[in-house]
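Worksheet: one structure, shown below.
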Protein chains: 2
Amino acid sequence: MSLPSSSLTKVIEEYIAQLLDENEDGEVSLRRKDLAERFGCVPSQINYVLRSRFAPENGFLVESQRGGHGYIKVIQLTFNNCDEEVVHLADLVGNAITEQEARKLLVNLQNREVISPRERLIIEVALRSQEENGRSLFDVSPYRRDLMRAELLKKILTSLALG
Amino acid sequence: MSLPSSSLTKVIEEYIAQLLDENEDGEVSLRRKDLAERFGCVPSQINYVLRSRFAPENGFLVESQRGGHGYIKVIQLTFNNCDEEVVHLADLVGNAITEQEARKLLVNLQNREVISPRERLIIEVALRSQEENGRSLFDVSPYRRDLMRAELLKKILTSLALG
DNA sequence: TTGTTATTGACTTATACTGACCAAAATTAT
DNA sequence: ATAATTTTGGTCAGTATAAGTCAATAACAA
């Protein structure tokens, strides 16, 4: 049975994450070309990793500058107060969210230790239950279920952030 | 006893369960296509097995990724709580439960540190959300809401007990 | 029969990665 | 100074890959 091979993206992601860990100010500067060379890939692959792994929804900001002495800076986000975090989380969920997106978000939040595995489990049970009820008991349309899912998720995450 | 034993689903379920047992960390990564090939079925059959057997209600979390280097990860959560007790409490919930009774139960569980304050918060938000939807969106009768509340509560408590 | 569970396959969506082309900032030449 | 050149990084579309969804059907249990 072939196990999933580690992807380039993942390797690069872990490398950058490690650099961030080593730097206690939660930011690190990179050279796109150097990184690409180190991992034997095309430079735009780095952009892909940044876009898909170090996006704001994952709790990061990226700044960059072109030209001579250009750089890419990856910054780990931190929140000063609960309200900021609530707003951020609500933004991430948005008005409507699919099952897939919701699950991805929860994985993310757990990885970032915003929620515990147990908490994630409870939330998934709650979402699934609502989905089931909406689908088979009340005949709610798929899009409306996405709306309801977003509502519930936001309520839960908000309560956690404010609690 | 309902033994809806269809061999395929059961065989796949047992195979995944065995992989989980063998792995110390209680998680395993799969390739949907490989699994389907191994058991000579269509790939979506795997989704069926995961949905019906490795659901959060049963104490499992499933993460997945599509596309290149895609995978499916099944995680078996294991908590060191006294699960007989929680199962017993699921019995206590019964067929139907009122808001007040549910709240009392949750307070009790929190006092005995079976659940954390945050977990209780999530559960209460989920219950209240379902209550609201049932009441104002779907016009569910009070008694039926008590039934649904019991269902959700039991699902959540069971998921924690199985973990 | 009747309702639930299992199985399939056609169709949809998401992710990884590359390469050609674009844009901006610094350096150098005129 | 200013223009040309060099040094960076950015974008986008294309290709390949892998998982998810849904509805129809089959098998089974009550």
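No hydrogens, no waters, no symmetry mates; every other heavy atom, side chains included, goes into these values. Chain letters run A, B, ... following the sequence lines, proteins first, then strands; residues in each count from 1. Worth saying up front: this structure is predicted, and the values here are computed from it rather than measured.
Following rounding to the nearest Å, B:Glu37 (CD) and D:dA18 (P) show an atom-to-atom distance of 11 Å. Between the OH atom of B:Tyr71 and the P atom of C:dA14 there is a distance of 16 Å, rounded to whole Å. Here D:dA19 presents its P atom at 14 Å from CZ of A:Arg103, a figure rounded to the nearest Å. Here the C1' atom of nucleotide C:dT18 and the NZ atom of A:Lys33 are 18 Å apart, to the nearest Å. Atom CD1 of B:Ile72 is separated from atom C1' of D:dT21 by 13 Å (rounded to the nearest Å). To the nearest angstrom, P of C:dT15 lies 11 Å from CG of A:Asn58. Across the protein-nucleic acid pair, B:Asp34 atom CG and D:dA18 atom P stand 9 Å apart, rounded to whole Å. In this structure, B:Lys73 atom NZ and D:dA18 atom P are separated by 18 Å, rounded to whole Å.
Evaluation of atom-type donor-acceptor distances gives a pair under 3.5 Å for the side chain of B:Arg32 against the base of D:dG20.
Sorted by first then second residue, the side chain to side chain donor-acceptor pair (under 3.5 Å) pairs that include residues 20-31 of chain A, not counting sequence neighbours, are A:Gln18-A:Glu22. For residues 41-51 of chain A, the side chain to side chain donor-acceptor pair (under 3.5 Å) pairs, not counting sequence neighbours, are A:Thr9-A:Gln45, A:Arg32-A:Asn47. The salt bridge (Lys or Arg N to Asp or Glu O under 4.0 Å) analysis of residues 120-137 of chain B, with sequence neighbours excluded, yields the pairs B:Arg103-B:Glu124, B:Arg120-B:Glu124, B:Glu131-B:Arg135, B:Glu131-B:Arg145, B:Glu131-B:Arg149, B:Glu132-B:Arg135. Contacts classified as side chain to side chain donor-acceptor pair (under 3.5 Å) and involving residues 153-163 of chain A (residues at least two apart or in different chains) are not found.
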Between the protein and nucleotides 27-30 of chain C, which nitrogen or oxygen pairs are less than 3.5 angstrom apart?
residue: C:dT27; atom: OP1; partner: A:His69; partner atom: NE2; Å: 3.1

Under 3.5 Å, N/O pairs linking protein and nucleotides 22-25 of chain D:
none

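Other residues, nucleotides and ligands contribute only 12 or fewer heavy atoms inside 6.0 Å of the NZ atom of B:Lys33.
Looking only at side-chain heavy atoms (C-beta outward), B:Leu153 and B:Leu105 come within less than 4.5 Å of each other. Counting heavy atoms from C-beta on, the side chains of B:Cys41 and B:Ile12 come closer than 4.5 Å. For the pair A:Arg118 and B:Leu160, the minimum side-chain heavy-atom distance is below 4.5 Å.
The salt bridge (charged side-chain N to carboxylate O under 4.0 Å, His left out) check on A:Arg112 picks up nothing, with sequence neighbours excluded. Scanning for salt bridge (charged side-chain N to carboxylate O under 4.0 Å, His left out) contacts around A:Arg144 gives an empty result, with sequence neighbours left out. Evaluation of the ring-ring contact (aromatic ring centres under 6.0 Å, His included) rule for A:His88 yields A:Phe79 as partners, not counting sequence neighbours. A search for salt bridge (charged side-chain N to carboxylate O under 4.0 Å, His left out) contacts involving A:Glu14 returns nothing, not counting sequence neighbours. Taking A:Arg38 as the reference, A:Tyr15 meet the side-chain hydrogen bond (donor to acceptor under 3.5 Å, both in side chains) condition, with sequence neighbours excluded.
Side-chain atoms of A:Cys41 lie closest to C:dT18 of the nucleotides C:dC17, C:dT18, D:dG9. Side-chain proximity of A:Gln45 to D:dA19, C:dA6, C:dC17: nearest is C:dC17. In the set D:dG10, C:dC17, C:dA14, the nucleotide with an atom closest to the side chain of A:Ser7 is C:dC17.
Residue-level contact check: A:Ile46 touches neither bases nor backbone, having no heavy atom under 4.0 Å from any strand.
Summary of helix geometry: the two end axes of the helix from C:dT1-D:dA30 to C:dT30-D:dA1, each defined by five base pairs via their C1' atoms, are inclined to each other by 20° (rounded to 10°).
When the nearest nucleotides of DNA chain C are assigned to A:Lys10 and B:Val49 by heavy-atom distance, the more 5′-ward of the two goes with B:Val49. Nucleotides of DNA chain C nearest to A:Gly40 and A:Arg66 differ in position, and the one nearer the 5' end is that of A:Gly40.
Considering only side-chain N and O atoms, B:Gln65 lies nowhere under 4.0 angstrom from the phosphate OP1 or OP2 of D:dG20. Between A:Lys104 and C:dT15, a side-chain N or O to OP1/OP2 separation shorter than 4.0 Å is present. The shortest distance between the side-chain N/O atoms of A:Tyr48 and the OP1/OP2 oxygens of C:dA16 is below 4.0 Å.
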